[in-house]
A.B. asks: 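Sharing a structure, written as structure tokens. Questions coming.
Numbering starts at 1 and runs along the sequence shown.
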Amino acid sequence: MPLVRIDLVKGRSDAQVRAVADAVHAAVVEVLAVPERDRFQIITEHEASRVIALDAGLGFERSNDTVMIQIFTQTGRSTAVKQQLYAAVAAWLAKVGVAGEDVFIGYVENTPADWSFGFGRAQYVEGDLGIPAAAVR
């Protein structure tokens, strides 16, 4: 059950924003094997001056089409799986016109105790939800 935050510069149409969100979700479903309806995304659009994404010394420039993604999910996936996810996100986003240099991903891990899906309860801890296999490895 990842929670995905997607930050974009304003200027895309509603259809383009949805295509970006759908592409990111397709990659998450494909690589992390989460159910299709296990979708929690927050999409925020910003003025161009409010998104700063330099090259970090890698020698490439980003455009105003940069898509910054934070994926919050439970711990337990290998480095290889994370790398597969990054590649899949970039590939799916390329299909909707986002260049590889404009894809920035931050992956944040936590534990089952770090989630509440409503009513102020920790459903994983209380047994209402099964803990995903990645979190118990």
A.B. asks: Report the distance from atom OG of Ser78 to atom CD of Gln84, rounding to the nearest 0.5 Å.
C.D. replies: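 Ser78 atom OG to Gln84 atom CD measures 7.0 Å (nearest 0.5 Å).
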A.B. asks: More than 12 foreign heavy atoms under 6.0 Å from CZ of Phe119: is that the case here?
C.D. replies: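 At most 12 heavy atoms, drawn from other residues, nucleotides or ligands, come within 6.0 Å of this atom.
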A.B. asks: Main chain of Ala21, side chain of Gln41: is a donor-acceptor contact present, judged purely on distance under 3.5 Å?
C.D. replies: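 Pair found, side chain donor or acceptor close to backbone of Ala21.
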A.B. asks: Is it the case that one hydrophobic cluster holds both Val96 and Val103, taking links as side-chain heavy atoms less than 4.5 Å apart, direct or via other members?
C.D. replies: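 Same cluster.
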A.B. asks: With respect to Arg77, which candidate in Thr79, Thr75, Thr73 satisfies the side-chain hydrogen bond (donor to acceptor under 3.5 Å, both in side chains) definition?
C.D. replies: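 Option passing the side-chain hydrogen bond (donor to acceptor under 3.5 Å, both in side chains) with Arg77: Thr73.
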A.B. asks: In terms of heavy-atom contacts, does CZ of Phe104 have more than 12 from other residues, nucleotides or ligands at under 6.0 Å?
C.D. replies: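 No, because the 6.0 Å sphere around CZ of Phe104 holds 12 heavy atoms or fewer from other groups.
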A.B. asks: Output the distance between atom CG (Asp22) and atom NZ (Lys95), rounded to the nearest 0.5 Å.
C.D. replies: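 Asp22 atom CG to Lys95 atom NZ measures 12.5 Å (nearest 0.5 Å).
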A.B. asks: Do side-chain atoms of Arg12 reach the backbone of Arg18 as a donor and acceptor pair under 3.5 angstrom?
C.D. replies: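 The answer is no, because no donor-acceptor pair under 3.5 Å joins these two groups.
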A.B. asks: Please check if Val125 and Ile131 belong to a single hydrophobic cluster, counting links between Ile, Leu, Val, Met, Phe, Trp and Tyr side chain heavy atoms closer than 4.5 Å.
C.D. replies: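 Val125 does not cluster with Ile131.
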A.B. asks: Would you mind telling me which of Leu93, Val98, Ile105, Ile43 makes a side chain to side chain contact (heavy atoms under 4.5 Å, CB included) with Val24?
C.D. replies: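 Exactly one pass, corresponding to Leu93.
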A.B. asks: Check whether any side-chain N or O of His25 sits under 3.5 Å from a backbone N or O of Phe40 as a donor-acceptor pair, and report yes or no.
C.D. replies: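 Judged by distance alone, no pair lies under 3.5 Å.
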A.B. asks: For Phe117, is there any backbone N or O sitting under 3.5 Å from a side-chain donor or acceptor partner on Gln123?
C.D. replies: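 Present.
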A.B. asks: Which distance, rounded to the nearest 0.5 Å, do you find between the CG of Asn110 and the CD of Gln74?
C.D. replies: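 Separation between the atoms: 6.0 Å.
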A.B. asks: So, for Val28 and Pro2, which heavy atoms are closest and what is the spacing to 0.1 Å?
C.D. replies: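 Of all heavy-atom pairs spanning Val28 and Pro2, the closest is CG1-CG, 3.7 Å.
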A.B. asks: Indicate if Val29 and Tyr107 have the same hydrophobic cluster label, given that clusters are the connected sets of ILVMFWY residues with side-chain heavy-atom separations under 4.5 angstrom.
C.D. replies: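 Looking at the clustering, Tyr107 is in the same group as Val29.
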A.B. asks: Asp128: which residues meet the side-chain hydrogen bond (donor to acceptor under 3.5 Å, both in side chains) condition with it, sequence neighbours left out?
C.D. replies: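 Scan of Asp128 (side-chain hydrogen bond (donor to acceptor under 3.5 Å, both in side chains), adjacent residues dropped) gives Arg121.
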A.B. asks: How many angstroms lie between atom CG of Leu8 and atom CE of Met68, to the nearest 0.5 angstrom?
C.D. replies: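 Answer rounded to 0.5 Å: 11.0 Å.
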A.B. asks: Main chain of Glu101, side chain of Arg62: is a donor-acceptor contact present, judged purely on distance under 3.5 Å?
C.D. replies: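 Yes, the answer is positive, given that a donor and an acceptor are paired below the 3.5 Å cut-off.
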A.B. asks: Ala56: which residues meet the side chain to side chain contact (heavy atoms under 4.5 Å, CB included) condition with it, sequence neighbours left out?
C.D. replies: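 Ala56: no side chain to side chain contact (heavy atoms under 4.5 Å, CB included) contacts found.
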A.B. asks: Is the shortest heavy-atom distance from the side chain of Val4 to the side chain of Ile69 under 4.5 Å?
C.D. replies: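 Contact flag for Val4/Ile69 side chains = yes.
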A.B. asks: I'd like to check the side-chain hydrogen bond (donor to acceptor under 3.5 Å, both in side chains) partners of Gln16; sequence neighbours left out, ordered by chain and number.
C.D. replies: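 So Gln16 forms a side-chain hydrogen bond (donor to acceptor under 3.5 Å, both in side chains) with Ser13.
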A.B. asks: Going through the distances and angles, do Trp115 and Leu3 end up as a side-chain contact (heavy atoms from CB on, under 4.5 Å)?
C.D. replies: CA-CA 10 Å; Trp115 296 93; Leu3 168 61; 3.8 Å; yes
A.B. asks: Can you tell me how far OG1 of Thr66 sits from CG of Leu54, rounded to the nearest 0.5 angstrom?
C.D. replies: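 Atom-to-atom, Leu54:CG and Thr66:OG1 are 10.0 Å apart.
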A.B. asks: Distance from Ile71 atom CD1 to Tyr86 atom OH, nearest 0.5 Å?
C.D. replies: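 The CD1 atom of Ile71 sits 7.5 Å away from the OH atom of Tyr86.
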A.B. asks: Contact between Asp7 and Val51 at the side-chain level, heavy atoms closer than 4.5 Å - yes or no?
C.D. replies: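 Asp7 vs Val51: side chains apart.
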